[in-house]
Amino acid sequence: MDKIVVKGGKKLSGTVRVSGAKNSALPIMAACLLGSEKSVLEGVPNLRDVQTMCRLLRVIGARVIFENDRLEITPFSKMKPVAPYHLVSTMRASVCVLGPLLARLGSAQVSLPGGCVIGARPIDLHLKGLQALGAQIQISHGDVYAGTKGKLQGKEIYLGGAFGSSVLATANVMMAATLAHGVTLIENAASEPEVVDLADFLNKMGAKIEGHGSHLIKIQGVRKLHGANHTIIPDRIEAGTFMVAAAITKGDVTVQNCEPEHLNALIDKLQQAGVSVKRSKGSVRVSRKGRLKPIDVTALPYPGFPTDLQAQIMALMAVTPGISVITEKIYPDRFMHVSELNRMGCRIFLEGSSAIVNGVQKISGAPVMASDLRASAALVLAGLAGEGETHVSRIYHLDRGYERIEEKLSSLGADIRRAKE
Ligand code: EPU
C-alpha cells in the first residue's frame, strides 16, 4: 500500500493544470450505454474510479479503450444489464448505469450500494424517479431489480429528499427519460455543473433536454440516441484543492484549465479570509501574503459551497487563528478528517453537523490515516502547512479522485513524495 510523505513549510508557486472532472466523467461514461454507436470522450482523468467504471462497462458489454485522456466506448448490441456487487461496493457511482440500462434494455440488476464513511447515502430518490417513469423496482438479496413492460413513460417528477436535490439521482432519471415516451419534468433537479455537462453530452447524442443548470429540467423523450464526441469539463474540486494549497502555504499559484464560474463559492470564502484571487478566462491566480481571517462556511448544493471542498477549507481554517464554524448540510457526518487533523495539533470540536475550528498558529507533521477521498486531500494540505513530516497512509482513497497529485504539487515546489508503507 502506498502512502504520501509531505514535508511542510514550502511556499507553492507556479502553474498547475487541472484534469477533467471525475464526477462528470463517471455518469457520462454510463450514458454512453444509451447510444447505439461509439462515443469518444476527451479530457478524462486517469483515476481509480474511472478505471472501475471502465471495468463495469466491459462487464456489461462495451468495447472500452482508454489512452491518455481519451476514452472510446462502443456498446455491444448484446449487453448484460448487471452491475455486480464487487464493482458497486468499490464505487457507488456504479449506480449510474441503472437509468441507462433500464431505458435501453428494459431491465437492470444493480447491486445496492451500502453506506460509506461520509454518511448513509441511500438511493431512494433514484428509485423514486425511475418508478415514476414506470419502472417496477424490487430489492432482493442486496440487489436492485428494475424492469419495465414496454417503454418508460415521461412524467412530472419531484426529486427532493431530506437534504435537497441529488446529483446522481438527477443524472439517473435524466438519462432514463431521454428514451422515454413523452415529456419528463424533473423538479428540484440538481444544478451542479456535472449535471449540466451530462445533459450537454446527452444532447450531443440526440437527446432533447432543456433547463439543465436550473432546478427544472425538461426532457422530451426520443426514439434512439447515437454516439457523440465530448470533452469533459475541468474538475472544480481538484482546482479548489490547489487553490487552498496556495493559500495554506502563503504561495502564489495559477490554476489552469478551470472554470472560475464553477468556483464562485470558494473564491468568495477565500477572499473573505484575506486571500487574493484573480480570475481570468480558464484560470485563477491565488496568492496570499498576510495573515488569514477566520470564516464560517456551510456546505450546500450548488451554487453553495461544495461539500467536496469542506475538508480542504477546514484544513485552511485550522491554521487560521480565531474561531471558524464549518457546517455540513449535505452529509452531516462527513467529518472523518477532524480527528486526524487534531492529531497534527489542530483544535477542532464537533457539534452536531458543525465543526468549531479553533485555529492555531502552528501544526506539526504526524502519521495520519486517510478515510475518504476529500479527507485525504485535507490531510495532504495540512501536511503542506505542518512543521516536519506528515505521512498520509491509505492513499488509495486519494487515487480515486486526484490524478498524480504528488507530481502536480511537487511541480509547484512542494516537498512531497509517494512511498511504500
Ligand atoms: N440522498 C438521499 N437519497 C438519494 C440520494 C441522495 O437521501 O437517493 C441524499 C444523500 O444522502 C446526501 C444528499 O442527498 O445527503 C446529496 O447526495 P447526492 O445524491 O447529491 O450525492 P451523489 O450524487 O451520490 C455526488 C458526488 C459526490 C458529492 C455529492 C454532492 C459523484 C460520483 N459523486 O454524489 O462526490 O459529494 O454528489 O455534491 O458525482 C466526491 O467526489 O468525493 C464525492 C463524494
Side-chain angles (χ1 to χ4, degrees), residues 19-31 45 47-50 52-53 56 88 90-99 110 112-132 137 139 144 157-175 186 188-198 215 232-233 235-241 262 265 299-312 328-334 336-337 353 370-378 397-403:
S19 303
K22 163 181 88 79
N23 290 347
S24 255
L26 296 173
I28 287 179
M29 289 169 71
L47 301 169
R48 219 160 60 97
D49 276 7
V50 169
T52 305
M53 186 59 92
L56 177 57
V88 180
T90 52
M91 186 187 67
R92 296 181 50 86
S94 308
V95 77
C96 288
V97 299
L98 184 56
V110 173
L112 199 59
C116 82
V117 283
I118 68 173
R121 305 191 74 186
I123 60 161
D124 55 312
L125 290 176
H126 301 238
L127 304 185
K128 172 184 164 185
L130 297 173
Q131 270 169 328
I137 308 254
I139 296 178
V144 177
I157 303 165
Y158 181 80
L159 213 53
F163 296 100
S165 57
S166 159
V167 175
L168 291 183
T170 303
N172 242 333
V173 176
M174 185 166 74
M175 289 190 279
I186 306 178
N188 199 25
S191 66
E192 270 68 3
E194 294 76 18
V195 174
V196 176
D197 202 28
L198 171 63
H215 294 298
I232 304 293
I233 57 168
D235 195 311
R236 62 193 168 105
I237 307 302
E238 188 196 3
T241 304
H262 295 167
L300 290 164
Y302 190 82
F305 191 92
T307 172
D308 293 341
L309 285 171
Q310 177 259 106
Q312 297 89 318
E328 237 318 324
K329 292 278 191 191
I330 312 259
Y331 301 113
D333 299 323
R334 192 178 202 176
M336 300 296 284
H337 39 287
S353 59
S371 55
D372 76 85
L373 169 54
R374 309 304 172 186
S376 324
H397 292 293
L398 201 62
D399 293 335
R400 289 187 47 206
Y402 290 90
E403 196 174 36

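Starting from 1, each residue takes its place in the sequence as its number. Start at 1 and go down the list; that is how both ligands and their atoms are numbered.
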Query raised in the report: Backbone or side chain, does any N or O of Glu192 fall under 3.5 Å from an N or O of ligand 1?
Result: no
Query raised in the report: Taking non-hydrogen atoms only, is Asp124 closer than 4.0 angstrom to ligand 1 via side chain, backbone, both or neither?
Result: both
Report task. State whether the side chain of Lys329 and the backbone N or O of Pro301 hold a donor-acceptor pair below 3.5 Å, judged by distance alone. Result -> no
Query raised in the report: Is there a heavy atom of Ala169 sitting under 4.0 angstrom from any atom of ligand 1?
Result: no
**Report entry** Proximity flag Arg400 to ligand 1, non-hydrogen atoms under 4.0 Å
**Finding:** no
Report summary line: In this structure, atom 7 (O) of ligand 1 is nearest to the protein heavy atom Pro122 CG, 3.4 Å
Report summary line: Logged contact type for Ile330 with ligand 1, heavy-atom cut-off 4.0 Å, is both
Query raised in the report: Taking the non-hydrogen atoms of His126, is any one of them nearer than 4.0 angstrom to ligand 1?
Result: yes
Query raised in the report: When you look for heavy atoms under 4.0 Å from ligand 1, do you find them on the side chain of Arg334, its backbone, both, or neither?
Result: side chain
Query raised in the report: What protein heavy atom sits nearest atom 14 (O) of ligand 1, and how far away is it?
Result: Phe163 CB, 4.1 Å
Report summary line: closest protein heavy atom to atom 41 (O) of ligand 1 is Arg374 NH2, 2.8 Å
Query raised in the report: Would you say ligand 1 has an N or O under 3.5 Å from any N or O of Tyr331?
Result: yes
Query raised in the report: In terms of residue, atom name and distance, what is the protein heavy atom nearest to atom 8 (O) of ligand 1?
Result: Leu125 N, 2.7 Å
Query raised in the report: For the atom pair OG (Ser165) and CD1 (Ile330), what is the distance rounded to the nearest 0.5 Å?
Result: 7.0 Å
Report summary line: Within the 4.0 Å heavy-atom cut-off, what Ala93 brings close to ligand 1 is side chain
**Report entry** Chi angles and distances behind the salt bridge (Lys or Arg N to Asp or Glu O under 4.0 Å) call for Glu403, Lys22
**Finding:** CA-CA 10 Å; Glu403 196 174 36; Lys22 163 181 88 79; over 6 Å; no
Query raised in the report: Between Leu47 and Gly401, what is the shortest heavy-atom contact and its length?
Result: CD2-C, 3.5 Å
Query raised in the report: Can you tell me which residue and heavy atom of the protein come closest to atom 27 (C) of ligand 1, and the distance to 0.1 Å?
Result: Asp308 OD2, 3.8 Å
